[in-house]
Amino acid sequence: RLLPCTCVSKRRLSSMLKHGQQLLSLFRQSTYLKLFLLAAFSTLLNACSTAPTISSEQSNKPRVLQEQVQLTGRISIQYQQREQAETISASFEWQQAAHDLHISLSSPLGQTIATIQQTPMGARLEQAKQEPRTAADIEQLLADSLGWSIPVIGLKGWLQGFDVQANGKTVAVPVQDYFQLQAQGWQLQFVSWQEDAGVVHPKRIDLQRYTEELGEVKIRIVIDEWK
């Protein structure tokens with residue numbers, strides 16, 4: 001007895017193969033586009049990190065650590081994960097008050113990576129299509145949620161060109177290009193500076209340290225705008 005033929009016809013098979021090749025082509029184009037955008041973002045991060053030279057008169061102006069801060073910029077993070085080099089590039093918005101901090105991270109494609117909030121009650125991180133996560137320590141929350149972290153506590157002062165020491169003393173970082181500083185286990189380099197509304201701020205800050213979990217961690221921060 002002959003059974004009904006369940007084989008796919010040559011014409012249909014050819015159509016399926018053609019459709020599969022089109023999907024593969026689109027996938028490759030999408031992957032190449034993402035890689036291109038990441039490379040372009042990294043190039044932009046380097047190219048736009050320079051600022052006009054600060055005069056000696058500007059550098060000697062008195063500076064005060066502000067409690068209320070709002071700025072935007074770009075960040076690049078290099079680290080090791082499962083013995084492979086990883087690089088994260090993002091735009092960020094930083095809103096700092098006396099007892100609160102809000103950070104928004106966006107990908108080079110403009111998609112929100114995460115929003116982080118710190119209050120006296122603790123830290124909270126939100127990502128699309130995921131339940132919010134909370135913790136007492138904001139830096140550990142970032143590491144547990146994203147696989148990497150940044151020195152949030154130190155950056156509250158460093159982004160303004162100050163180092164808040166363990167004893168609570170605030171020290172103004174000298175307004176010098178490529179000035180180096182060791183603080184809170186990090187090697188910092190204040191690569192360049194900028195003036196905004198008569199106040200001198202860092203333009204680019206490079207940070208580096210070694211950790212057991214993430215290997216050699218390198219962070220580059222470029223501040224685009226003070227608000």
Side-chain angles (χ1 to χ4, degrees), residues 37-78 87-98 100-108 110 112-113 115-116 118 139 142 148-165 169-184 186-209 217-227:
L37 289 173
L38 285 172
F41 188 90
S42 179
T43 302
L44 185 63
L45 187 68
N46 293 326
C48 299
S49 61
T50 58
T53 303
I54 300 297
S55 67
S56 58
E57 181 182 357
Q58 292 171 318
S59 63
N60 291 327
K61 287 183 178 179
R63 292 182 288 133
V64 178
L65 183 67
Q66 303 291 327
E67 287 188 343
Q68 302 272 351
V69 173
Q70 186 174 359
L71 57 90
T72 60
R74 289 156 288 143
I75 184 170
S76 173
I77 305 168
Q78 298 179 21
T87 300
I88 297 294
S89 296
S91 298
F92 71 91
E93 183 172 358
W94 179 286
Q95 299 179 40
Q96 176 181 327
D100 299 278
L101 176 65
H102 184 275
I103 307 170
S104 178
L105 297 172
S106 300
S107 72
T112 299
I113 298 174
T115 56
I116 309 105
Q118 182 187 41
E139 296 180 14
L142 287 172
W148 49 267
S149 186
I150 56 176
V152 176
I153 305 303
L155 285 171
K156 291 182 177 181
W158 299 336
L159 291 174
Q160 299 185 60
F162 289 86
D163 180 36
V164 181
Q165 300 179 347
K169 183 180 179 181
T170 300
V171 178
V173 177
V175 183
Q176 300 175 13
D177 289 351
Y178 299 100
F179 182 84
Q180 295 188 11
L181 171 72
Q182 286 189 338
Q184 300 183 26
W186 289 87
Q187 177 69 40
L188 292 91
Q189 187 174 70
F190 292 80
V191 178
S192 58
W193 298 74
Q194 62 185 332
E195 185 183 34
D196 183 82
V199 181
V200 175
H201 304 289
K203 173 65 177 178
R204 172 181 152 187
I205 307 173
D206 291 353
L207 304 91
Q208 183 174 348
R209 78 167 180 178
V217 180
K218 297 180 181 180
I219 301 176
R220 175 172 297 177
I221 298 174
V222 176
I223 302 172
D224 292 323
E225 183 181 6
W226 288 81
K227 300 182 178 180

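Everything numeric here is computed off the predicted structure, so don't read it as measured data.
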Residue pair T72, S91: steps toward the side-chain contact (heavy atoms from CB on, under 4.5 Å) verdict | CA-CA 8 Å; T72 60; S91 298; over 6 Å; no

Look at the side chain of S59 and the backbone N and O of V175, then say whether any donor-acceptor pair between them is shorter than 3.5 Å.
-> no

Taking all atoms of both residues into account, what is the closest heavy-atom pair of F179 and V173, and its distance?
-> CD2-CG1, 3.6 Å

Minimal non-hydrogen separation, I219 against W186, with atom names = CD1-CH2, 3.7 Å

Paired with W94, the side-chain contact (heavy atoms from CB on, under 4.5 Å) test is passed by just one of I221, I223, I103, namely I103

Which heavy-atom pair separates E93 from Q95 by the least distance, and what is that distance?
-> OE2-NE2, 3.2 Å

In Å and rounded to the nearest 0.5 Å, what is the OG to CD1 distance from S104 to I113?
-> 9.0 Å

Taking all non-hydrogen atoms of both residues into account, name the closest pair between W158 and P151 and its distance.
-> CZ3-CG, 3.7 Å

Of K218, Q180, R209, Q208, the one forming a side chain to side chain donor-acceptor pair (under 3.5 Å) with Q187 is Q180

Can you tell me how far the NZ atom of K203 sits from the CG atom of D177, to the nearest 0.5 Å?
-> 12.5 Å

Over all heavy atoms of both residues, which pair between D163 and A183 is shortest? Give the atoms and the distance, please.
-> OD1-CB, 3.6 Å

Are D224 and R74 within salt-bridge range, i.e. N to O under 4.0 Å?
-> yes

Check whether any side-chain N or O of Q58 sits under 3.5 Å from a backbone N or O of V200 as a donor-acceptor pair, and report yes or no.
-> no

I75 and I150: CA distance, side-chain angles, deciding distance, side-chain contact (heavy atoms from CB on, under 4.5 Å) verdict | CA-CA 10 Å; I75 184 170; I150 56 176; 3.9 Å; yes

Enter the distance from S89:OG to R220:CZ here, rounded to the nearest 0.5 Å.
-> 10.0 Å

Between E139 (side chain) and I153 (backbone), is there a donor-acceptor pair under 3.5 Å?
-> yes

Keeping the roles fixed (side chain from R63, backbone from G161), state whether a donor-acceptor pair exists under 3.5 Å.
-> yes

For L105 and I88, what are the C-alpha separation, side-chain angles and deciding distance, and is it a side-chain contact (heavy atoms from CB on, under 4.5 Å)?
-> CA-CA 11 Å; L105 297 172; I88 297 294; over 6 Å; no

Nearest-0.5 Å distance, CG of residue D100 to CD of residue Q68 | 9.0 Å

Ignoring hydrogens and geometry, is there a side-chain-to-backbone donor-acceptor pair from W148 to L142 under 3.5 Å?
-> no

Could you walk me through whether Q118 and K156 pass side-chain contact (heavy atoms from CB on, under 4.5 Å), step by step?
-> CA-CA 12 Å; Q118 182 187 41; K156 291 182 177 181; 3.1 Å; yes

Hey, what do you get for NE2 (H201) to CZ (F162), rounding to the nearest 0.5 Å?
-> 9.5 Å

For Q66 and Q96, the nearest pair of non-hydrogen atoms, with its separation, is O-NE2, 4.1 Å

